[in-house]
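Read through the structure below, which is laid out as structure tokens, and then see the notes.
Worth knowing before you read on, the calculation uses all heavy atoms, side chains too, and leaves out hydrogens, waters and symmetry mates. In listed order, ligands and their atoms are each counted from 1.
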Amino acid sequence: MIIETIIERINQGKFWHFHGGIYPSEQKSITSSKPIKQLSLPKQLVLPLQQHIGRQGDLLVEVGDKVLKGQALTQSSNPMAVPVHAPTSGIISAIKKSVIAHPSGLSELCLFIDVDGEDTWKKREICQDFSKLSHQQIIKKIADAGIAGMGGAGFPTHIKVNTKPGINFLIINAVECEPYITADDLLMCEQSEAIVDGIKILDQLLSPSFILIGIEDNKPQAIKALQQATQHHEKIKVCVLPTKYPTGGEKQLIQVLTGKEVNTGTLPINSGIVVQNVATCFAISDAVINDIPLIRRVVTLTGSALAKPQNFWALLGTQVSYLLEQAGFVSEVNKTNSTPNSPQPSPPVPSPPVIMGGPLMGFSILNEQVPIVKTSNCILAPSKIEMPSAFDNNSNEVECIRCGQCADVCPSQLLPQELQWSAKAKDHQQLMQLNLFDCIDCGACAYVCPSQIPLVQYYRVAKAEIRQQQQLDIKSEKAKVRFEARKLRLEQEKIARQEKHKKAAAARKATMNKKSADGSTANSAVAAALARVKAKKAAEKIINSNEPLASSNKVTDEISPVKVAIARAKAKKLGKQENIESSLNSNKPLASSSEKQAQKHSAINEQTINDKKARIAAAVAKAKAKKFQEKKSSTEQNELSIETQSEKTSEKAQNITTEAEDKKARIAAAVAKAKSKAKLKAIEKAQQVSTTNSEEST
Ligand code: SF4
Ligand code: SF4
């Protein structure tokens with residue numbers, strides 16, 4: 001739709017409609033007729049370091065530091081980190097985690113300031129004419145002032161307004177559609193000129209074609225004040241809209257004013273639209289013109305449990321308990337049980353609920369010590385009659401009857417009942433498909449639900465879980481990327497190192513192979529000399545072990561060359577091992593500690609194996625030598641034995657010979673004796689015969 005058509009419709013008082021919406025009881029009259037009240041300084045302020053969407057800044061102060069009003073307490077170069085400032089002068093008494101205003105009751109890092117009561121300002125520079133400031137100067141002033149969207153979202157303003165030219169509409173959200181809340185209403189009534197100054201600064205930054213201030217028709221005083229403040233600015237149009245909840249939703253307001261729908265996954269800037277809250281415009285004016293950072297805001301204290309409901313200028317960091325006290329917090333319980341003359345003390349009763357925000361988008365706070373932050377616009381303390389459900393700790397939730405009323409009123413055209421089932425089932429995938437993040441937490445669905453299902457609570461928990469999971473996924477993805485990068489780097493380093501070693505080895509080899517004057521290479525000469533020395537040593541060792549036999553044994557002399565060859569082989573192995581060790585030693589300066597360790601282990605292992613091998617070889621050689629010695633001893637003994645035996649045999653033979661000779665001699669002697677005896681007998685016989693014959697002759 002062309003811009004002129006839109007403006008023509010607006011001039012005629014015609015607007016578009018968004019889907020759904022509700023018309024709850026407004027209850028704004030409780031505070032809308034009372035001026036904004038200045039509070040006396042509290043004794044202590046508690047400032048969460050992060051009060052916006054994004055990141056917290058780095059601390060600029062420490063415990064014990066004296067700080068001045070408006071002094072920056074954090075800073076960061078990250079654009080998503082918005083600084084916080086001291087709302088008044090005092091001493092930093094603590095920096096610790098403390099409960100903050102959040103539906104989950106979580107704790108965040110907070111600065112505790114003990115207020116000195118002097119309210120001493122830092123040095124400020126008032127800007128007399130902001131039209132002379134450059135684009136970047138204005139952006140810097142907004143960023144340094146720590147301004148974040150004050151309508152509830154808390155998005156850093158300096159990012160949202162630092163956009164390229166070509167903006168069709170700058171929309172100022174002055175709708176404040178939630179029941180009970182009148183903070184913006186009163187601000188517009190009392191500070192319309194300052195708000196318009198802020199709008200002019202934005203105009204200077206963004207140069208939009210038109211500026212549309214959207215305001216509901218239930219704020220007549222504010223409408224009048226704005227119309228007066230803008231009457232001489234043709235470009236600015238105060239658009240009075242019919243009251244319907246939640247017209248103040250960013251997408252809903254854009255649709256009502258321009259007829260444009262901002263689709264899922266897109267931003268208003270994509271349609272040439274920037275939206276800023278009316279309180280943010282006031283903060284911009286304060287920052288750029290008066291050099292006042294965002295240190296205060298208007299807070300509505302309302303509800304029937306308050307004796308003096310009113311809007312207050314509250315310093316950021318003011319504890320809710322202090323504000324409740326100023327507003328005359330009188331609990332329903334105290335009222336009903338206040339019986340001064342009763343002899344019996346009143347029975348203990350549960351504390352009445354206190355809600356941060358409005359009745360539809362707010363949440364109960366469990367601890368009244370939580371502080372006001374940049375996005376806190378209302379503290380609601382209802383009575384039991386006013387909001388009975390807030391007093392009932394037991395859930396009245398019953399089964400969904402599929403009436404479809406929640407879908408009928410949903411301004412984001414979602415399916416609240418299906419979202420609820422998926423949230424209960426923790427089906428995150430299905431929740432994303434149902435566009436859970438298009439839900440603006442308006443609470444319209446829960447408001448109409450006949451089954452009293454706290455639908456928004458389910459959505460909030462589901463959103464928190466999904467965001468947490470996404471954070472974990474991002475962290476895990478980053479860790480994975482870091483791991484892969486490290487792995488790649490180590491591999492590259494390893495390859496580079498190997499290449500370097502290769503080159504160094506080649507260079508060494510070339511040097512070693514360089515021919516000497518006698519024609520031999522240095523390498524071969526040294527290696528041969530080493531081998532000879534080692535072989536000699538090994539041979540000497542073996543020979544020494546066999547010394548007693550070596551000199552006299554022929555067999556040993558025959559085996560010695562074999563032993564020498566074995567020794568030479570061992571020496572060669574030893575030489576190789578030494579080469580490896582020297583190679584490792586030469587790599588030491590290049591290797592990383594883990595690789596050095598690995599190489600060292602490898603070298604030790606190899607050395608251990610080689611030692612073992614050497615020991616085995618030595619044992620084998622020793623065993624062989626022993627065996628050989630034994631064999632030799634055995635041979636000697638055999639020979640000795642044979643000799644002995646031979647000698648014995650010889651002796652025996654001699655003995656036998658002697659005996660035989662003796663016997664023979666004896667036999668010969670006997671024979672000779674016998675012969676001589678026979679001869680003697682023959683002679684005697686012959687003598688006898690002769691005698692006889694003689695006798696006979698005689
Ligand atoms: S309004 Fe309640 S009961 Fe009806 S469909 Fe929705 S969730 Fe179910
Ligand atoms: S689903 Fe979300 S956007 Fe829709 S009505 Fe419910 S709270 Fe509002």
What protein heavy atom lies closest to [atom]? Include the residue and the distance to one decimal.
atom: atom 6 (Fe) of ligand 1; result: C406 SG, 2.3 Å
atom: atom 4 (Fe) of ligand 1; result: C403 SG, 2.3 Å
atom: atom 8 (Fe) of ligand 1; result: C400 SG, 2.3 Å
atom: atom 2 (Fe) of ligand 1; result: C449 SG, 2.4 Å

Using a distance-only test with no angle check, is there a side-chain donor-acceptor pair under 3.5 angstrom linking T300 and T31?
no

What atoms in ligand 1 come closer than 4.0 Å to a heavy atom of S451?
3 (S)

Note: ligand 1 atoms sitting under 4.0 Å from heavy atoms of R402 are 5 (S), 8 (Fe)

All ring-ring contact (aromatic ring centres under 6.0 Å, His included) counterparts of F312, not counting sequence neighbours:
none

Side-chain polar contacts of residues 198-218 - donor-acceptor pairs under 3.5 angstrom, sequence neighbours left out - could you list them?
residue: D203; atom: OD1; partner: K235; partner atom: NZ; Å: 2.6
residue: Q204; atom: NE2; partner: F130; partner atom: O; Å: 3.3
residue: Q204; atom: NE2; partner: L133; partner atom: O; Å: 3.0
residue: E216; atom: OE2; partner: K244; partner atom: N; Å: 3.2
residue: D217; atom: OD1; partner: T243; partner atom: N; Å: 3.3
residue: D217; atom: OD1; partner: T243; partner atom: OG1; Å: 2.5
residue: N218; atom: ND2; partner: E26; partner atom: OE1; Å: 3.4

Just so I know, are the side chains of R297 and L315 near enough to count as touching, which here means a heavy-atom distance under 4.5 Å?
no

If you draw a 6.0 Å radius around NZ in K424, do more than 12 non-hydrogen atoms from other residues or ligands fall strictly inside?
yes

CD1/I100 to CD/Q369 distance, rounded to the nearest 0.5 angstrom?
15.0 Å

Dump the intermediate steps for side chain to side chain donor-acceptor pair (under 3.5 Å) on S304 and E386, then the final yes or no.
CA-CA 7 Å; S304 298; E386 204 175 7; 3.0 Å; yes

May I ask you to list the protein N, O or S atoms found at less than 2.8 Å from atom 2 (Fe) of ligand 2?
C439 SG

Is the closest heavy atom of V448 to ligand 1 under 4.0 Å?
no

Set of side chain to side chain contact (heavy atoms under 4.5 Å, CB included) partners for Q452, sequence neighbours left out
N396

Taking the six-membered ring for Trp and the full ring for Phe, Tyr or His, determine whether the centres of W313 and F282 are under 6.0 Å apart.
yes

